[in-house]
Amino acid sequence: VQLQASGGGLVQAGGSLRLSCAASGPTFNIYRMGWIRQAPGKEREAVATINRSGSSTDYADSVKGRFTISRDNAKMTVYLQMNSLKPEDTAVYYCVAGGGYGLGYEIPPNYWGQGTQVTVSS
């Protein structure tokens with residue numbers, strides 16, 4: 001599976017962005033998908049995951065109520081709608097496929113996208 005993330009950019013605090021992650025490969029539908037972010041000087045943080053069918057999602061407390069993860073298996077794409085953005089959301093956001101357990105990714109992801117920069121100005 002190859003993952004191509006897009007949709008990052010510069011936005012003011014309170015604004016919105018939608019990240020997309022297009023996958024290639026015949027087995028997209030079997031993978032749990034997620035978004036992991038990394039800010040300079042900080043540890044990686046998984047912000048959202050979605051199961052194979054899209055029926056179950058999980059969010060980090062830091063983004064709960066503001067971010068929404070979704071997937072379209074027919075289009076082999078996963079999305080992250082980010083609303084009410086805050087300066088602390090500034091990070092490189094990575095789309096990941098596979099892995100397991102909780103947001104801690106106790107089983108690491110099988111695949112990583114290249115990352116897309118999100119910058120939120122105050």
Side-chain angles (χ1 to χ4, degrees):
V1 174
Q2 291 185 322
L3 304 172
Q4 181 72 39
S6 62
L10 173 64
V11 64
Q12 287 188 332
S16 297
L17 283 174
R18 188 174 85 152
L19 305 183
S20 298
C21 175
S24 61
T27 56
F28 171 79
N29 292 0
I30 73 171
Y31 287 108
R32 174 200 202 207
M33 299 296 295
W35 291 93
I36 294 175
R37 69 185 180 185
Q38 185 158 25
K42 295 185 179 180
E43 292 188 356
R44 286 176 181 168
E45 177 188 25
V47 296
T49 62
I50 188 166
N51 69 347
R52 293 178 292 179
S53 67
S55 62
S56 178
T57 58
D58 198 9
Y59 297 94
D61 288 344
S62 58
V63 306
K64 203 169 289 184
R66 300 188 297 120
F67 290 12
T68 303
I69 188 171
S70 61
R71 68 190 293 166
D72 184 333
N73 286 343
K75 295 182 178 179
M76 297 177 63
T77 302
V78 62
Y79 305 97
L80 186 68
Q81 178 67 43
M82 305 187 294
N83 298 329
S84 303
L85 282 161
K86 303 176 181 180
E88 51 263 43
D89 295 318
T90 295
V92 177
Y93 284 71
Y94 297 91
C95 172
V96 298
Y101 302 166
L103 282 171
Y105 273 96
E106 289 79 2
I107 300 176
N110 299 79
Y111 303 98
W112 290 74
Q114 88 286 5
T116 185
Q117 176 71 46
V118 171
T119 302
V120 184
S121 63
S122 57

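- By the rule that hydrophobic residues join a cluster once side-chain heavy atoms approach within less than 4.5 Å of another member, I69 and L85 end up as members of one cluster.
- In the hydrophobic clustering of ILVMFWY residues, with side-chain heavy atoms under 4.5 Å counting as a link, V118 and V96 come out apart.
- Side-chain heavy atoms closer than 4.5 Å link hydrophobic residues (I, L, V, M, F, W, Y) into clusters, and following such links, even through other members, never connects V92 to V120.
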List the atom pairs, donor and acceptor, that lie under 3.5 Å between side-chain atoms in residues 3-20 and the rest of the protein, sequence neighbours left out.
from: S16; atom 1: OG; to: N83; atom 2: OD1; distance (Å): 2.9

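- Hydrophobic cluster membership differs between F67 and Y105, with clusters built from Ile, Leu, Val, Met, Phe, Trp and Tyr side chains linked at under 4.5 angstrom.
- The two residues I30 and R52 make their nearest non-hydrogen contact at O-CD, 2.7 Å.
- Paired with C95 under the rule side-chain contact (heavy atoms from CB on, under 4.5 Å), one option of W112, Y79, W35 passes, and it is W35.
- Other residues, nucleotides and ligands contribute only 12 or fewer heavy atoms inside 6.0 Å of the NZ atom of K75.
- Around CD of Q2, the count of heavy atoms belonging to other residues, nucleotides or ligands within 6.0 Å does not exceed 12.
- In this structure, OH on Y93 lies 12.5 Å from CD1 on I36, to the nearest 0.5 angstrom.
- In terms of heavy-atom proximity, M33 sits nearest to A97 at SD-CB, 3.5 Å.
- For the residue pair G99 and N110, the shortest heavy atom distance occurs at N-OD1, 3.0 Å.
- The distance from the CZ atom of R32 to the CD1 atom of I107 is 9.0 Å, given to the nearest 0.5 Å.
- Checked against side chain to side chain donor-acceptor pair (under 3.5 Å), R66 has the following partners two or more places apart in sequence or in another chain: D89.
- Y31 does not carry R71 over the face of its six-membered ring by the limits of under 6.0 Å from the centre and within 45° of the normal.
- Nearest heavy-atom pair, S62 versus E45, reported as atom, atom and distance to 0.1 Å: OG-OE2, 2.8 Å.
- In this structure, E88 CD and S122 OG are separated by 10.0 Å, a value rounded to the nearest 0.5 Å.
- For the atom pair CG (D72) and OG1 (T77), the distance works out to 6.5 Å, reported to the nearest 0.5 Å.
- To the nearest 0.5 Å, atoms OH (Y94) and CZ (R44) are separated by 6.5 Å.
- Remark: the backbone N or O of G54 is paired with a side-chain donor or acceptor of N51 at under 3.5 angstrom.
- Across all non-hydrogen atoms, the minimal contact from L103 to A46 is O-CB, 3.1 Å.
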